[in-house]
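Everything below concerns the one structure shown next.
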Amino acid sequence: GVVSFIYEYFDQNPISQIGIIVTRNSRAEKLTDLGGVLQNSLKCQGEPSLQNSLEMAYQSLKHMPNHASREILVLMASLTTCDPGNILVTCQSLSARSIQCSIVGLAAEVYLCKKVCKETKGQYHVIIDESHYKDILMQHVTPPPALADTEASLIRMGFPHHKEEAMPSYSMSQTSAD
């Protein structure tokens, strides 16, 4: 599921970056920085903390330029979250920086998850079966359309220029006559 999502994501978005944060034992742990290499296995245990995970993702995304798509995708298998503070304050911080948070619930609908997605203009889905899970996950491969007020900036790209020589150059080829 997740590994195939990552491969498909980079296949469809070759210049994008992805970071992975896992939550275990009421803490968030950054598995990979924004980039593209999955080095560790995805293993979660204990009580999750949605707020700690969102805060860690916020710290990574808040410095991204305004023209970049800033999204958080949470795969939530728990019906509870053990948070240190008011998660709605975290949602306000995410919204202020135009960071969308979408959540895919693997168990049942959780009101808090639905509220987080609504506040940050993300999507909330609860999966029904394995094929529905794959379909929902693959919907997040394509980046969302840019908003009308998104700041645009151009990045100069292209092929290197060839240096023009002032002196003409000649080429000789030899042919042998037998």
Side-chain angles (χ1 to χ4, degrees), residues 1-6 8-10 12-13 16-34 42 44-152:
V2 175
V3 175
S4 63
F5 167 77
I6 292 169
E8 184 68 23
Y9 181 84
F10 282 117
Q12 298 296 318
N13 306 284
S16 293
Q17 299 178 4
I18 194 169
I20 299 174
I21 298 171
V22 295
T23 180
R24 50 180 137 207
N25 300 325
S26 302
R27 299 191 182 274
E29 178 185 333
K30 192 180 292 186
L31 208 58
T32 63
D33 284 320
L34 286 174
L42 300 170
C44 302
Q45 60 193 30
E47 188 77 17
S49 174
L50 182 59
Q51 183 180 19
N52 285 338
S53 299
L54 294 178
E55 285 287 342
M56 186 173 282
Y58 172 77
Q59 293 303 320
S60 294
L61 294 172
K62 72 179 183 179
H63 301 293
M64 298 297 289
N66 289 339
H67 67 272
S69 169
R70 291 174 279 190
E71 303 169 74
I72 300 170
L73 176 61
V74 177
L75 303 179
M76 186 87 168
S78 179
L79 297 175
T80 60
T81 177
C82 183
D83 298 324
N86 186 351
I87 195 168
L88 298 179
V89 173
T90 303
C91 289
Q92 290 171 352
S93 299
L94 294 170
S95 292
R97 295 280 184 152
S98 300
I99 300 174
Q100 290 183 347
C101 179
S102 295
I103 300 175
V104 178
L106 305 179
E109 185 172 301
V110 176
Y111 173 77
L112 181 63
C113 294
K114 194 173 186 178
K115 182 145 181 80
V116 166
C117 293
K118 183 178 179 185
E119 294 291 321
T120 62
K121 297 183 176 87
Q123 299 175 12
Y124 180 59
H125 297 281
V126 178
I127 64 160
I128 299 169
D129 56 21
E130 188 174 341
S131 68
H132 186 236
Y133 167 67
K134 288 178 183 174
D135 291 343
I136 294 299
L137 212 52
M138 291 305 150
Q139 286 179 13
H140 293 280
V141 167
T142 307
L147 301 173
D149 62 343
T150 300
E151 177 185 309

(Q) Minimum heavy-atom separation for Val126 and His132, please, with both atom names. (A) O-CE1, 3.4 Å

Q: Give a yes or no on whether the backbone of Leu94 and the side-chain of Thr120 come within a donor-acceptor separation of less than 3.5 Å.
A: no

Q) Taking the side chain from Gln123 and the backbone from Cys117, do they hold a donor-acceptor pair closer than 3.5 Å? A) no

Q) So, do Tyr58 and Thr90 sit near enough that their side-chain heavy atoms are less than 4.5 Å apart? A) no

Q) Are any of the side-chain heavy atoms of Val89 and Gln51 separated by less than 4.5 Å? A) no

**Q.** Point-to-point distance, once rounded to the nearest 0.5 Å, from NZ of Lys114 to CD1 of Ile103
**A.** 12.0 Å

(Q) Check this for me: Lys118, atom NZ, are more than 12 non-hydrogen atoms of other residues, nucleotides or ligands nearer than 6.0 Å? (A) no

Q: Could you grab the distance from atom SG of Cys91 to atom CG of Leu112, nearest 0.5 Å is fine?
A: 7.0 Å

(Q) Taking the side chain as everything from C-beta on, heavy atoms only, tell me whether Ser53 gets closer than 4.5 Å to Val74. (A) no

Q: Answer yes or no: is there a side-chain heavy-atom contact under 4.5 Å between Val110 and Tyr124?
A: yes

**Q.** Straight-line distance of Leu61 CG to Leu54 CG, nearest 0.5 Å
**A.** 10.5 Å

Q | Value rounded to 0.5 Å, distance of CD1 in Ile72 from CD1 in Ile99 | A | 5.5 Å

**Q.** Working for side-chain contact (heavy atoms from CB on, under 4.5 Å), residues Leu137 and Leu73
**A.** CA-CA 9 Å; Leu137 212 52; Leu73 176 61; 4.0 Å; yes

(Q) Between Ser95 and Glu119, is there a side-chain donor-acceptor contact under 3.5 Å, judged purely by atom types and distance? (A) no

Q. Do any N or O atoms from the side chain of Ser49 and from the backbone of Cys82 form a donor-acceptor pair under 3.5 angstrom?
A. yes

Q.
Measuring from atom OG of Ser93 to atom CD of Glu55, what distance do you get when rounded to the nearest 0.5 angstrom?
A. 6.0 Å

Q: Would you kindly say whether Glu47 and Thr80 are connected by a side-chain donor-acceptor distance under 3.5 Å?
A: yes

Q) Is there a side-chain contact between Arg97 and Met64 (heavy atoms, below 4.5 Å)? A) no

**Q.** Contact summary for Leu50 and Asp83, nearest pair of heavy atoms
**A.** N-OD1, 3.2 Å

Q: Assess whether atom CD of Gln59 is packed by more than 12 heavy atoms of other residues, nucleotides or ligands within 6.0 Å.
A: yes

Q: Verify side-chain contact (heavy atoms from CB on, under 4.5 Å) between Leu88 and Lys115, making sure each step is shown before the conclusion.
A: CA-CA 9 Å; Leu88 298 179; Lys115 182 145 181 80; 3.9 Å; yes

Q) Which value, rounded to the nearest 0.5 Å, describes the distance between Glu71 atom CD and His140 atom NE2? A) 8.5 Å

